[in-house]
Amino acid sequence: MRQLAIAASVMLISGAQPACAQSSDFDAWLEEVRSEAAQRGLTAPAVIDTLARIQLVDRVIELDQRQPELVQTFWRYVDARVTPGRVAIGEGLLSTYETLLDEVYQRYGVQPRIIVALWGMESDYGRAQGDFDVASSLATLAFDSRRSALFRSQLFALLALINQGDVPGDVRGSWAGAIGQPQFMPTTFSRYAVDFDGDGRRDLQGDVADVFASAANYLALSGWERSAGWGQEVLLPSAFDFAETGLDERKPLEEWQRLGVRQIDGRDLPLRALTGSILLPAGAKGPAFLVYDNFRALLAWNNSALFALAVGILSDELAGGGPLQTPRPAEEETLSRYDVVELQSRLVGLGFAAGEADGVVGEQTRRAIRLFQKSADLPADGYPDPELLRQLRVRSDP
């Protein structure tokens, strides 16, 4: 029975779906969208032109269904994004736009290095904004049955932006519909984009003033604290209880200090009224990070701990900090998404609530891993690796 559950879950993550309906079905669906747009008052000529040229894009469905074969490890993720070239370019841009970034900081309280790091991560400083017709991409995803409601709302948000002149009808972006240098989805654009230079348009494609201010506004409204950073690499004591790790465990810095946590150079933690959590993105043998509430604001931007950590690490290097101090392994064993599905299924079979066996390692899966590790007298770091899967197989197979 367990193998049947695993097989079914593998089919779910493999993206096996029936082919899209014929173009005539799409045309009928699009006619309904046109009617609803008119009812919403989205009748500007640019909107009508946009709706007239929308097409079904099979490539978008292919990309949406494609899942990476291997689960990306912390080191591979960071190495691919925090590169010497990206750091060098970012340092230059910090200098070039120093005055503008300081104006944005004074208004929104988000440090320049954070804004530039996000800029670099999202679009390589504006050089990689995507080349898909956003309207057609969103319509294709809205027509597809799997997440129709989500992308239908994004489509109408895009039409509203076109209707009010914030974006052109032929705006291009990512295959999933993200727009501009900060790669905002249309609903995010609507809520958080600002016209910082007062030219009457929120331009996230070519106006760096609007790009910087919109990114800062997003973080500020997500809880960014002006006087704090995102976090830091730290040293853990030899007897540290790894069950204390994870975003669910929040303690004042003075409590982490009492538990033996120190800055990476061995100094005491700063004496500040901050709370933080310990993250181990590569397990007990990898680097440890003490992350603050601002890290959660980065998660509001992109709910991926690896993304938020990469932004923080890049921002530190832009500000003159060196690379991480924890040595990286000579080689890393990786899990495939199918391995993660099996891991999740075996955890559930042993009574640990890992959530849906979807091949995605989220906080619920990490909690279940920690509980299993604790029950098996293993370091409870919540890290999924091939050795953990081998342990699960030993304990769950008859």
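- Residues R272 and S227 meet the side-chain proximity criterion, which asks for heavy atoms closer than 4.5 Å.
- Ring centroid separation for the pair Y125 and W119 comes in under the 6.0 Å cut-off.
- With salt bridges taken as basic N to acidic carboxylate O contacts below 4.0 Å, one links R346 and E342.
- You'll find the side chain of F242 stays beyond 4.5 Å of the side chain of K374, heavy atoms only.
- With values rounded to the nearest 0.5 angstrom, L94 atom CG is found 12.5 Å from I89 atom CD1.
- In terms of modelled atom types and a separation under 3.5 Å, the side chain of Q129 and the main chain of G126 share a donor-acceptor contact.
- L279 and I264 are members of different hydrophobic clusters when ILVMFWY side chains are connected at heavy-atom separations under 4.5 Å.
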| task | I would like to know whether L306 and V78 meet side chain to side chain contact (heavy atoms under 4.5 Å, CB included); could you show each step before the answer? | result | CA-CA 8 Å; L306 288 182; V78 171; 5.8 Å; no
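- To the nearest 0.5 Å, the span separating CD1 on I61 from CH2 on W175 amounts to 9.0 Å.
- The backbone N or O of S336 lies less than 3.5 Å from a partner atom in the side chain of D339, making a donor-acceptor pair.
- Across all non-hydrogen atoms, the minimal contact from D195 to G200 is OD2-N, 2.8 Å.
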| task | Please test E36 against R152 for salt bridge (charged side-chain N to carboxylate O under 4.0 Å, His left out), starting from the C-alpha separation and ending with a verdict. | result | CA-CA 11 Å; E36 184 173 343; R152 190 182 181 94; 2.8 Å; yes
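- Side chains of K285 and L280 form no contact here, defined as non-hydrogen atoms less than 4.5 Å apart.
- No side-chain N or O of E249 forms a donor-acceptor pair with one of S277 less than 3.5 Å apart.
- Under the 6.0 Å distance and 45° angle rule, R191 does not count as a cation-pi partner of F189.
- Placement of L309 and V82 within a single hydrophobic cluster is found when ILVMFWY residues are connected by side-chain heavy-atom separations under 4.5 Å, directly or transitively.
- Using a 4.0 Å cut-off between charged nitrogen and carboxylate oxygen, D293 and R250 count as a salt-bridge pair.
- The main-chain N or O of V60 is never found under 3.5 Å from a side-chain atom of T140 such that the two would form a donor-acceptor pair.
- With a 6.0 Å radius and a threshold of 12 heavy atoms from other residues, nucleotides or ligands, E363 has its CD atom above the threshold.
- Ring geometry for Y218 versus W301: interplanar angle of 30 to 60°, hence tilted.
- When side chains are defined from C-beta on, P270 counts as touching L253, because their heavy atoms get closer than 4.5 Å.
- F74 and L235 fall into different hydrophobic clusters, where Ile, Leu, Val, Met, Phe, Trp and Tyr are joined by side-chain heavy atoms under 4.5 Å apart, directly or via other members.
- You'll find the ring centres of W224 and Y292 outside the 6.0 Å limit.
- The existence of a salt bridge linking D207 and R202 is excluded, since no basic side-chain nitrogen approaches an acidic carboxylate oxygen closer than 4.0 Å.
- Of all heavy-atom pairs between R81 and Y77, the closest is NH1-O, 3.0 Å.
- Looking only at side-chain heavy atoms (C-beta outward), Y192 and S214 stay at 4.5 Å or farther from each other.
- Taking 4.5 Å as the limit, some side-chain heavy atom of D79 sits within range of a side-chain heavy atom of R328.
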| request: Could you please spell out the steps behind the side chain to side chain contact (heavy atoms under 4.5 Å, CB included) verdict for I179 and M185? | output: CA-CA 6 Å; I179 299 169; M185 292 299 289; over 6 Å; no
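- A209 approaches D197 most closely through the heavy-atom pair CB-CB, 4.3 Å.
- Residue-environment remark: CD (E98) stays at or below the threshold of 12 foreign heavy atoms within 6.0 Å.
- The backbone N or O of L269 lies less than 3.5 Å from a partner atom in the side chain of Q257, making a donor-acceptor pair.
- A donor atom on one side chain and an acceptor atom on the other are found under 3.5 Å apart for Q164 and D166.
- Checked by atom type, the side-chain pair S315/Q111 shows no donor-acceptor distance below 3.5 Å.
- Proximity of D358 to V341: side-chain heavy atoms (C-beta onward) are nowhere separated by under 4.5 Å.
- The pair D210-R201 fails the salt-bridge criterion, with no side-chain N (NZ, NE, NH1 or NH2) lying under 4.0 Å from an Asp/Glu carboxylate O.
- Between R86 and D124, at least one side-chain N (NZ, or NE/NH1/NH2) sits under 4.0 Å from a carboxylate O, which counts as a salt bridge.
- Under the 3.5 Å distance criterion, the side-chain polar atoms of R146 are left unmatched by any main-chain donor or acceptor of L141.
- Under a 3.5 Å cut-off, the side chain of Q154 and the backbone N or O of T187 do form a donor-acceptor pair.
- Each of L274 and L299 belongs to its own hydrophobic cluster when Ile, Leu, Val, Met, Phe, Trp and Tyr are linked at side-chain heavy-atom distances under 4.5 angstrom.
- Hydrophobic clustering, with ILVMFWY side chains joined whenever heavy atoms are under 4.5 angstrom apart, keeps I48 apart from L51.
- Taking all atoms of both residues into account, the shortest heavy-atom contact from G169 to T50 is CA-OG1, 3.2 Å.
- Between the S148 side chain and the S145 main chain, no donor and acceptor come within less than 3.5 Å of each other.
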| task | Evaluate the criterion side chain to side chain contact (heavy atoms under 4.5 Å, CB included) for residue pair E122 and F307; output intermediate values, then yes/no. | result | CA-CA 10 Å; E122 287 291 5; F307 175 88; 3.6 Å; yes
| Pair L118-L219, side chain to side chain contact (heavy atoms under 4.5 Å, CB included): steps then yes or no | CA-CA 11 Å; L118 279 167; L219 289 180; 3.6 Å; yes
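- Here R113 does not pair with E317 in a salt bridge; the nearest charged N to carboxylate O distance is not below 4.0 Å.
- Between F26 and F143, the ring planes lie perpendicular to each other; the angle is over 60°, past the 30° to 60° tilted range.
- Paired with F212 under the rule ring pair (Phe, Tyr, Trp, His ring centres under 6.0 Å), one option of Y108, Y105, F196, Y97 passes, and it is Y97.
- Contact annotation: the side chain of P168 never approaches that of I162 to less than 4.5 Å [non-hydrogen atoms, C-beta and beyond].
- Figure legend: cation-pi geometry between R40 and F156, with NZ or CZ positioned under 6.0 Å from the six-membered ring centre and within 45° of its axis.
- For the 3.5 Å distance criterion, the side chains of D316 and W230 qualify, holding a donor opposite an acceptor.
- Judged by distance alone, with hydrogens and angles left aside, the side-chain atoms of Q181 form no donor-acceptor pair with the main-chain N or O of S123 at under 3.5 Å.
- Across every non-hydrogen atom of G260 and P237, the tightest pair is O-CD, 3.5 Å.
- The closest donor-acceptor contact from the side chain of S375 to the backbone of F372 lies under 3.5 Å.
- Rounding to the nearest 0.5 Å gives a distance of 8.5 Å between CD of Q344 and CD of E356.
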| said: Could you go through D381 and R370, starting from their C-alpha distance and side-chain angles, then the distance that decides it, and tell me whether this counts as salt bridge (charged side-chain N to carboxylate O under 4.0 Å, His left out)? | reply: CA-CA 6 Å; D381 58 11; R370 289 189 195 96; over 6 Å; no
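- Nearest heavy atom pair, residue T43 against residue A38, reads CG2-CA, 4.0 Å.
- Note that CD1 of I114 and CG of L298 are 6.0 Å apart. Values are rounded to the nearest 0.5 Å.
- Checking T99 against D102 by side-chain atom types alone, no donor-acceptor pair falls below 3.5 Å.
- Without hydrogens or angle criteria, Q232 side chain to L290 main chain gives no donor-acceptor distance under 3.5 Å.
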